[in-house]
**Q** 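Supplied in structure tokens, the structure appears directly below.
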Amino acid sequence: MGITRRDFLKYTGLASASAGVAGVPYFKSVMAMGTKPEKEATYVNTFCEICFWNCGAVAKVVDGKVVKLEGQPGNPASKGKLCARGNAGMGSLYDPDRLKTPMLNVGKRGEPKWKKVSWDEALTFIAGKMAKIKETYGPEAVSLISHGTGGSFWKELLYAYGSHNYTAPSFAQCRGPRDIGYLVTFGAAPGSPEQIDMGNSKFIVLIGSHLGENAHNSQVQDFVDGISKGAKLLVVDPRFSIAAGKANWWLPIRPGTDMALLLAWINVIVNEELYDREYIGKYAMGLNELKAEVAQYTPEWAAQETDIPAATIVATAREMARYKPGVVIHPGRHTAWYGDDTQRGRAMAILTALLGAWGREGGNFFPTKEKGTIAPYPNIPALPEPEKPNLTGSWPYALEATTTAMRATTISGDPYPVKGWLVYGSNIMKTMPNQKETIEALRKLDLVVVVDIMPFEHIDWADVVLPEATYLERYDDIKVGKGKSLMYAIRQPVVQPMFESKPSWWIVKELSRKMGLEAYFPWKDMEENIKTRLEAAGVSFEELKKKGTIGFPDTAKPFITADNEPEFGTDSGKIELYSKALKDKGFDPVPKYTRPEMPPSGYFRLIYGRSPLHTFSRTTNNQWLAELYGENVLWLSARKAQSLGLKNGEYVVLENQDGAKSNKIKVKATERIREDCVYMVHGFGNRSKDLTRAYNKGADDQSLITRYAVDPLMGGTGMRVNFVKIVKEA
Ligand code: MGD
Ligand code: SF4
């Protein structure tokens with residue numbers, strides 16, 4: 001294949017911002033530093049929060065300033081390296097645009113007038129409003145939307161207050177559909193980090209997963225290891241992604257038809273009896289029902305739907321079966337695409353099962369069975385039982401309250417009023433589709449609190465803004481990692497909080513006092529909290545601080561062996577190729593294909609993805625990352641660009657089927673995308689003028705996502721159902 005590890009890392013950004021730094025093991029770079037006379041440095045262990053892979057990091061501090069971040073060698077998420085974003089983490093800490101003091105909005109929501117206030121004033125205001133909401137409507141009328149490690153303190157406060165309406169975009173806008181699809185099939189989700197053994201795989205299938213552009217550190221390293229060792233790679237993507245550039249097969253699928261391809265692959269594997277017969281015989285049920293259902297999905301039929309030749313569908317099905325069971329069907333991560341996403345996840349799980357890959361080397365591994373939870377701080381009172389059910393909507397597989405139901409209920413008041421939103425670490429204008437609906441909900445609330453580090457556009461809708469200390473300035477709870485084996489990692493302050501920012505543990509503890517809930521937060525500070533709990537678990541606090549990460553490799557039993565038989569948490573205790581549970585709830589027991597709406601003439605389907613240099617919107621104002629990738633561009637087929645008279649680099653505006661317009665975006669005319677869709681990186685087009693670097697740079701995909709298709713099983717919001725036309729800039 002001719003790809004070296006170094007080449008790939010260069011493309012994917014894992015080496016880009018860190019050339020000669022992050023690629024060098026920590027101890028070597030420290031030795032190299034030691035050869036030059038320099039001011040005395042201290043090194044502090046923590047873990048990264050620039051994305052949620054939470055890689056173990058070491059911060060080098062000179063004169064009280066963080067001057068460099070590197071990967072912890074002993075941490076399984078980093079394996080001694082950070083990605084470009086992790087290396088640039090100081091950009092968050094030293095961003096001059098940071099939120100600096102608590103602020104009250106004395107103007108209107110959406111047209112704020114900010115008054116700087118003390119912490120005492122801000123927290124007294126919130127406590128007063130929350131008491132009133134509880135008295136008038138009940139505690140469930142306050143909901144939390146949270147994304148990030150510090151959100152755990154807000155969740156504890158919410159539960160102590162009496163509401164369980166904790167929501168996270170990582171469910172309905174991200175991994176929820178695939179997790180439910182796998183849960184129904186195997187009785188377990190594929191995990192986060194995904195429990196896939198790519199480094200030892202013989203065959204890797206990526207369906208819309210643009211690994212390398214979507215950069216999760218150790219996963220990209222494992223992917224590179226796998227293909228460097230000769231794993232075959234098959235990429236299904238309407239766009240010739242970086243990963244497609246390394247693939248043996250690139251299938252440029254018509255967007256929205258992945259289910260048809262999956263069902264046709266299953267058809268071939270079942271009909272030609274290419275599946276792992278012993279494994280299926282022993283561990284699975286429902287093969288006959290599956291076979292009967294997929295009989296209609298022939299490769300010839302799928303070719304019409306997917307635009308992939310029937311012969312290619314047959315050849316690739318045979319090829320992946322040839323390498324079974326060491327095959328990774330990557331489960332994907334952001335899977336809220338078309339509204340049938342849980343069933344697509346299920347089709348991927350069924351394919352995985354047929355190949356015998358679940359619990360096999362080079363396929364999916366089992367995480368450690370160790371619970372690994374660190375006991376709560378002693379003598380915390382029992383939490384009150386919520387009186388009303390959570391906001392799970394009418395979706396039976398919404399395992400927890402969802403952002404989708406939270407927003408809809410806030411607007412409708414059904415089944416009960418929602419009057420307060422606590423927003424932790426989530427730019428709600430960019431997270432959820434249909435910004436008008438988000439604004440409609442925000443206008444109905446009695447209280448909106450935003451806890452953030454940066455003034456992204458969503459703060460304009462808050463009544464109170466609380467400036468959190470960045471991850472380099474604070475303690476958070478211990479990170480318990482449950483990959484092949486168990487590990488604990490620590491986050492501790494590398495430097496003291498700047499401005500008047502405070503860590504969430506402090507904010508929540510102070511707020512709890514004002515709300516009469518201090519009994520739930522009895523510890524002196526987070527250091528004492530962690531130390532007490534770690535020592536009760538037999539782990540030395542000092543050792544963890546020093547090492548950063550402590551692993552327990554003896555807890556690993558990742559693959560099926562004679563003395564490690566798998567357990568499946570399904571009703572039947574087997575892998576369910578046919579699901580009676582789904583049938584009983586009124587859903588298809590075996591996935592079916594429904595053709596999605598196709599773009600009308602003159603329109604393109606809008607698809608979006610990631611850059612290795614950014615995480616959603618949160619990094620767009622980072623000085624180093626903005627320098628490397630300051631605005632997103634519009635991938636458009638070169639032929640279409642020519643027929644529309646558009647040149648590379650020219651600015652255009654997009655208008656969707658409902659008349660919503662984007663900010664201007666540069667055209668990237670390329671052979672690397674199909675003609676029926678356009679693509680951009682998510683997270684740009686920020687509208688807050690307080691962002692020196694990110695303001696008005698590139699286009700906001702979310703402003704064009706006015707329509708979304710709700711997943712009937714779990715309430716996910718499929719967002720790839722919008723069509724755009726190109727309007728030339730005047
Ligand atoms: P961001 O846009 O990065 O992502 O949605 P979000 O998690 O909302 O917003 C993060 C916010 O957290 C920013 O305001 C940032 O300043 C703040 N922040 C960063 N660090 C900290 C911190 O330490 N403390 C606090 N308090 N705040 C902090 C992501 C969500 O979006 C997800 S998970 C997915 S997978 C979906 N992706 C996606 C997509 O690809 N396209 C479209 N159109 N929509 C999407 N929505 C979903
Ligand atoms: Fe940080 Fe990169 Fe790791 Fe994400 S993958 S936690 S941004 S180093």
**Q** Using the ring of Tyr608 (Phe, Tyr or Trp, six-membered ring only), decide whether Arg720 places NZ or CZ under 6.0 Å from its centre and within 45 degrees of its axis.
**A** yes

**Q** Just checking, Lys65 and Tyr94: is the charged tip under 6.0 Å from the six-membered ring centre and within 45° of the axis?
**A** yes

**Q** Mind checking what makes side-chain contact (heavy atoms from CB on, under 4.5 Å) contact with Asp222, not counting sequence neighbours?
**A** Lys79, Met198

**Q** Side chains of Ser703 and Arg687: closer than 4.5 Å at any heavy-atom pair?
**A** yes

**Q** Would you please say whether a donor-acceptor pair under 3.5 Å links the side chains of Asp341 and Thr335?
**A** no

**Q** Could you tell me which non-hydrogen atom of Ser78 sits nearest to which non-hydrogen atom of Asn217, and how far apart they are?
**A** CA-ND2, 3.6 Å

**Q** Which pairs, with at least one residue in residues 443-466 and sequence neighbours excluded, count as a salt bridge (Lys or Arg N to Asp or Glu O under 4.0 Å)?
**A** Arg109-Asp463, Lys430-Glu457

**Q** Does the ring of Trp506 carry Lys509 above it, NZ/CZ under 6.0 angstrom from centre and within 45° of its axis?
**A** no

**Q** Do the side-chain N and O atoms of Gln221 and Ser218 include a donor-acceptor pair separated by under 3.5 angstrom?
**A** no

**Q** How far apart are the C-alpha atoms of Met432 and Thr717, what are their side-chain angles, what is the distance that settles it, and do they pass the side chain to side chain contact (heavy atoms under 4.5 Å, CB included) test?
**A** CA-CA 8 Å; Met432 291 184 273; Thr717 53; over 6 Å; no

**Q** Might you point out which heavy atoms bring Thr402 and Ala172 nearest each other, and give the distance in Å?
**A** CB-CB, 4.4 Å

**Q** Would Ser501 and Arg98 count as having a side-chain donor-acceptor pair, cut-off 3.5 Å?
**A** yes

**Q** Begin with the C-alpha distance, continue with both residues' side-chain angles, and end with the deciding distance and a verdict on side chain to side chain contact (heavy atoms under 4.5 Å, CB included) for Leu625 and Arg85.
**A** CA-CA 7 Å; Leu625 299 174; Arg85 294 164 299 162; 4.0 Å; yes

**Q** Run the salt-bridge test on Arg178 and Glu194 with the 4.0 Å N-O cut-off and return the result as yes or no.
**A** yes

**Q** What are the two closest non-hydrogen atoms of Asp690 and Pro455, and how far apart are they?
**A** CB-CG, 3.7 Å

**Q** Can you name the closest pair of heavy atoms from Cys55 and Ala77 and give their distance?
**A** SG-O, 3.4 Å

**Q** Give a yes or no on whether a salt bridge exists between Arg407 and Glu440, defined as a side-chain N under 4.0 angstrom from a carboxylate O.
**A** no

**Q** Among Phe171, Phe52, Tyr166, which residue meets the ring pair (Phe, Tyr, Trp, His ring centres under 6.0 Å) test with His147?
**A** Phe52

**Q** Crowded around Lys100 NZ? As in, over 12 foreign heavy atoms under 6.0 Å?
**A** yes

**Q** Any chance the side chains of Glu500 and Thr101 put a donor and an acceptor closer than 3.5 Å?
**A** no

**Q** Can you tell me how far CG of Leu442 sits from CH2 of Trp421, rounded to the nearest 0.5 angstrom?
**A** 4.5 Å

**Q** What's the spacing between Asn165 CG and Leu158 CG if we round to 0.5 Å?
**A** 7.0 Å

**Q** Checking side-chain polar atoms at under 3.5 Å, does Asp476 have a donor or acceptor matched by the opposite partner on Thr149?
**A** no

**Q** Glu468 and Tyr424: side-chain donor and acceptor closer than 3.5 Å?
**A** yes

**Q** At what distance, to the nearest 0.5 angstrom, does CG of Leu93 lie from CG of Leu472?
**A** 5.5 Å

**Q** Tell me, please, which residues at least two apart from Trp114 pass ring pair (Phe, Tyr, Trp, His ring centres under 6.0 Å).
**A** none

**Q** Taking atom types as modelled and ignoring hydrogens, do the side chains of Thr167 and Thr403 form a donor-acceptor contact shorter than 3.5 angstrom?
**A** no

**Q** Under the side-chain contact (heavy atoms from CB on, under 4.5 Å) test, which residues partner Ser241, sequence neighbours left out?
**A** His210, Glu213, Val235, Asp237, Arg239, Ala243, Ala244

**Q** Do Trp461 and Val423 make a side-chain contact, defined as non-hydrogen atoms from C-beta onward lying under 4.5 Å apart?
**A** no

**Q** With a 3.5 Å cut-off and no angle check, do the side chains of Asn656 and Thr706 form a donor-acceptor pair?
**A** yes

**Q** Could you grab the distance from atom OG1 of Thr46 to atom CD of Glu473, nearest 0.5 Å is fine?
**A** 11.0 Å

**Q** Determine the minimum heavy-atom distance between Asn75 and Gly56, stating which atoms define it.
**A** OD1-N, 3.0 Å

**Q** Mind checking the CD1-CD1 spacing from Ile607 to Ile673? Nearest 0.5 Å is all I need.
**A** 4.5 Å

**Q** To the nearest 0.5 Å, what is the distance between NE2 (His614) and SG (Cys51)?
**A** 13.5 Å

**Q** Less than 3.5 Å apart, any donor N or O on the side chain of Ser617 or Asn427 sitting next to an acceptor on the other?
**A** yes

**Q** Taking all non-hydrogen atoms of both residues, which atom of Gly659 and which atom of Glu655 are closest, and how far apart?
**A** CA-OE2, 3.7 Å

**Q** Quick check with a 6.0 Å cut-off and a 45 degree axis cone: is Lys60 positioned over the face of Tyr43's six-membered ring?
**A** no

**Q** Check the pair Ile507, Leu123 against side chain to side chain contact (heavy atoms under 4.5 Å, CB included), reporting the backbone distance first and the verdict last.
**A** CA-CA 8 Å; Ile507 307 173; Leu123 299 181; 3.9 Å; yes

**Q** Please check if the distance between the ring centroids of Tyr629 and Phe684 is under 6.0 Å.
**A** yes

**Q** Could you check whether any side-chain heavy atom of Ser688 comes within less than 4.5 Å of a side-chain heavy atom of Ile459, counting everything from C-beta outward?
**A** no

**Q** Heavy atoms, side chains only, cut-off 4.5 Å: are Thr670 and Leu636 in contact?
**A** no

**Q** Could you list the residues that satisfy salt bridge (charged side-chain N to carboxylate O under 4.0 Å, His left out) with Arg605, not counting sequence neighbours?
**A** none

**Q** Given side chains that start at C-beta, do those of Leu606 and Phe604 come closer than 4.5 Å, heavy atoms only?
**A** no

**Q** Hey, are Lys668 and Glu650 close enough for a salt bridge, meaning a charged N less than 4.0 Å from a carboxylate O?
**A** no

**Q** Do Ile726 and Leu634 touch side chain to side chain, with heavy atoms closer than 4.5 Å?
**A** yes

**Q** Do Gln435 and Asp700 have side-chain atoms, one donor and one acceptor, less than 3.5 Å apart?
**A** yes

**Q** Indicate yes or no: at least one non-hydrogen side-chain atom of Lys725 is less than 4.5 angstrom from one of Leu654.
**A** no

**Q** Go through the structure and list residues passing salt bridge (charged side-chain N to carboxylate O under 4.0 Å, His left out) with Asp95, not counting sequence neighbours.
**A** Arg693

**Q** Would you say Glu437 and Ile411 make side-chain contact, with heavy atoms under 4.5 Å?
**A** yes

